[in-house]
Amino acid sequence: MSSSTPGKSGRTARTGEPGTTGKNVKAAKAATTAKAGKAAKEATTATEANAGKAAKAATTAKAAKAATKSKAAAATAKGAITARAAAPRKAPKAESHLAMVRRARRINRELAEIYPYAHPELDFRNPFELLVATVLSAQTTDLRVNQTTPALFAAYPTPEDMAAAVPEEMEEIIRPTGFFRAKTKSLLGLSAALRDEFGGEVPGRLEDLVKLPGVGRKTANVVLGNAFGVPGITVDTHFGRLVRRWKWTDEEDPVKVEAVVAGIFPKSEWTMLSHRVVFHGRRICHARKPACGACPIAPLCPSYGEGETDPEKARKLLKYEMGGYPGQRLSPPADYPGKPAPALGAG
C-alpha cells in the first residue's frame with residue numbers, strides 16, 4: 001500500500017504542473033496587455049485632455065488679447081471723434097480781395113437787370129430843387145419830401161426867393177419832413193450863399209457844394225450825379241447797410257465806405273450803382289427783416305439767412321413796385337413800372 005500512493009501522487013504532480021504554468025503565463029500576458037492598453041488609453045486621454053485644456057487656454061488668452069486690442073481701438077476711435085467734435089470748426093476760407101471785387105461787380109450787373117429803371121427818388125426839375133429836396137430828406141422818407149416840396153417851390157422858386165423867406169412861414173410848409181426848424185435854417189443859409197457867392201446858381205463842384213449850410217458829401221454827390229452828370233457815390237443808410245451785408249467793406253464811416261466802393265467800381269458806374277443799391281435796400285434788403293427768400297441776388301450774398309428765407313413769406317415783405325404798391329415820386333420817370341405816389345393828404 002505504501003508503494004502505490006507515492007507513484008500516483010508523482011504522476012499526478014508531473015502531469016498537472018506543465019498545464020497550470022502555461023495557463024498562468026497566458027493569463028498574465030493577457031492581463032499585462034490589458035493593463036498596458038488601459039494605461040496607454042488613459043495616457044492618451046490625459047494627453048488629449050491636457051492638449052484641449054492648453055488649446056482652450058491659448059484660445060481664451062488670444063481672445064482676451066484681441067478683446068483688449070478692440071477695446072483700445074474703440075477707445076481711440078471714440079477719443080478721436082470726441083476730439084473732432086470738441087475742436088472748433090474751421091472758419092470758411094477767407095475770400096480774396098479779387099474774388100470780392102468780382103462778386104461785387106456781378107451784383108451790380110444783376111441789379112442793373114433787376115432795376116433798369118433805377119433813379120433818384122426825389123422829384124426835381126433843376127439843380128436848385130434837387131439840392132433843397134436832398135437837404136430836406138434827412139431823417140425822413142423821400143415820399144414825405146416829394147409830398148412837401150410842391151408847396152415849398154411854389155412859394156420860393158429861386159434861391160433869391162428862398163433867401164428872403166420869413167422863417168416861420170417856411171417852417172410851417174416843411175413841418176411834415178421833421179426837424180423843420182433846423183432844416184429851415186439850412187435852407188435859408190444855403191439860399192443866401194447861392195445868391196451872394198454863386199450868382200444864384202448851384203455850383204457843379206464838390207468842394208463848393210460842401211461849403212453850403214446843411215450840405216455834406218452825400219448831398220453833394222446826389223446833386224453832382226443827377227443834376228450835373230458828374231459821377232458820385234451816395235452813401236446813405238441803405239447803401240451803407242447793404243455794402244456791409246455784402247462784405248464789400250466793414251467800414252461804418254460814410255467817407256471811408258465811399259472810398260472803398262470807389263476802388264471797386266469804375267467811375268462811370270458810381271451814380272447808377274448808388275441808385276441800384278438804394279433801390280434794392282428799400283424794396284427787398286430791409287434793415288430789420290430783409291426778404292432773403294425773394295431776393296434775386298441771394299446766391300451772391302454772404303449774409304443770406306439774416307431775414308425771412310421762406311419764399312412765400314418773403315414776397316409779402318416786398319415794397320413799392322416790387323410789392324405792387326405806389327413808389328415814392330409823385331412824378332416818376334416814364335420807364336418806372338410802378339404807380340406814382342399820392343399827393344400829401346391824398347392817401
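Throughout, residue positions are numbered sequentially from 1 according to the sequence presented.
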Taking every non-hydrogen atom, the tightest pair across [X] and [Y]:
X	Y	answer
Thr158	Phe128	C-CE2, 3.7 Å
Leu206	Ala220	CD1-CB, 3.4 Å
Ala163	Arg195	CB-NH1, 3.5 Å
Glu321	Tyr117	OE2-OH, 2.9 Å
Ser274	Phe239	CA-CE1, 3.9 Å
Ala104	Ile264	CB-CG2, 3.8 Å

Working to the nearest 0.5 Å, report the span between [atom1] of [X] and [atom2] of [Y].
X	Y	atom1	atom2	answer
Lys183	Leu136	NZ	CG	6.0 Å
Met322	Arg283	CE	CZ	7.5 Å
Ser137	Leu143	OG	CG	12.5 Å
Arg102	Leu300	CZ	CG	14.0 Å
Cys292	Arg245	SG	CZ	7.5 Å
Glu121	Arg282	CD	CZ	4.5 Å

**Asked** Does the pair Leu194 and Met162 meet the rule for a side chain to side chain contact (heavy atoms under 4.5 Å, CB included), with working shown?
**Response** CA-CA 10 Å; Leu194 292 177; Met162 190 167 287; over 6 Å; no
Main-chain N/O of [Y] paired with [X] side-chain donor or acceptor, under 3.5 Å:
X	Y	result
His286	Leu317	yes
Arg329	Pro120	yes
Thr309	Gly305	no
Arg241	Cys285	yes
Arg244	Glu251	yes
Asn146	Leu330	no
Glu308	Lys289	no

Hey, any chance [X] and [Y] share a hydrophobic cluster, counting ILVMFWY side chains that come within less than 4.5 Å of each other, even indirectly?
X	Y	value
Tyr304	Leu111	no
Phe124	Tyr336	no
Tyr325	Tyr115	no
Val255	Val277	no
Leu209	Trp270	no

Does the side chain of [X] reach to within under 4.5 Å of the side chain of [Y], using non-hydrogen atoms?
X	Y	answer
Met170	Phe180	no
Lys218	Thr234	yes
Tyr156	Val132	no
Ile233	Phe265	no
Pro167	Arg181	no
Leu273	Val261	yes
Ile114	Ile297	yes
Asp236	Pro254	no

**Exercise: do Asn226 and His275 side chains pair donor with acceptor under 3.5 Å** =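 The answer is yes; a qualifying pair exists.
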**Prompt:** Among Val202, Asn126, Val222, whose side chain to side chain contact (heavy atoms under 4.5 Å, CB included) with Leu131 holds?
**Reply:**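 Of the listed options, the one satisfying the test is Val202.
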**Message:** Looking at Glu160, I want to see if its CD is surrounded by more than 12 non-hydrogen atoms of other residues, nucleotides or ligands under 6.0 Å.
**Reply:**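 More than 12 heavy atoms, drawn from other residues, nucleotides or ligands, come within 6.0 Å of this atom.
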**Request:** Evaluate the ring planes of Trp246 and His280, with Trp represented by its six-membered ring, and classify them as parallel (under 30°), tilted (30 to 60°) or perpendicular (over 60°).
**Result:**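 Aromatic pair Trp246/His280 classed tilted.
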**Asked** salt bridge (charged side-chain N to carboxylate O under 4.0 Å, His left out) between Glu95 and Arg103: does it pass, once the steps are laid out?
**Response** CA-CA 10 Å; Glu95 184 180 44; Arg103 180 172 58 81; 3.0 Å; yes
**Verdict with reasoning, Leu344 to Arg144, per side chain to side chain contact (heavy atoms under 4.5 Å, CB included)** = CA-CA 8 Å; Leu344 187 63; Arg144 184 61 68 194; 3.0 Å; yes
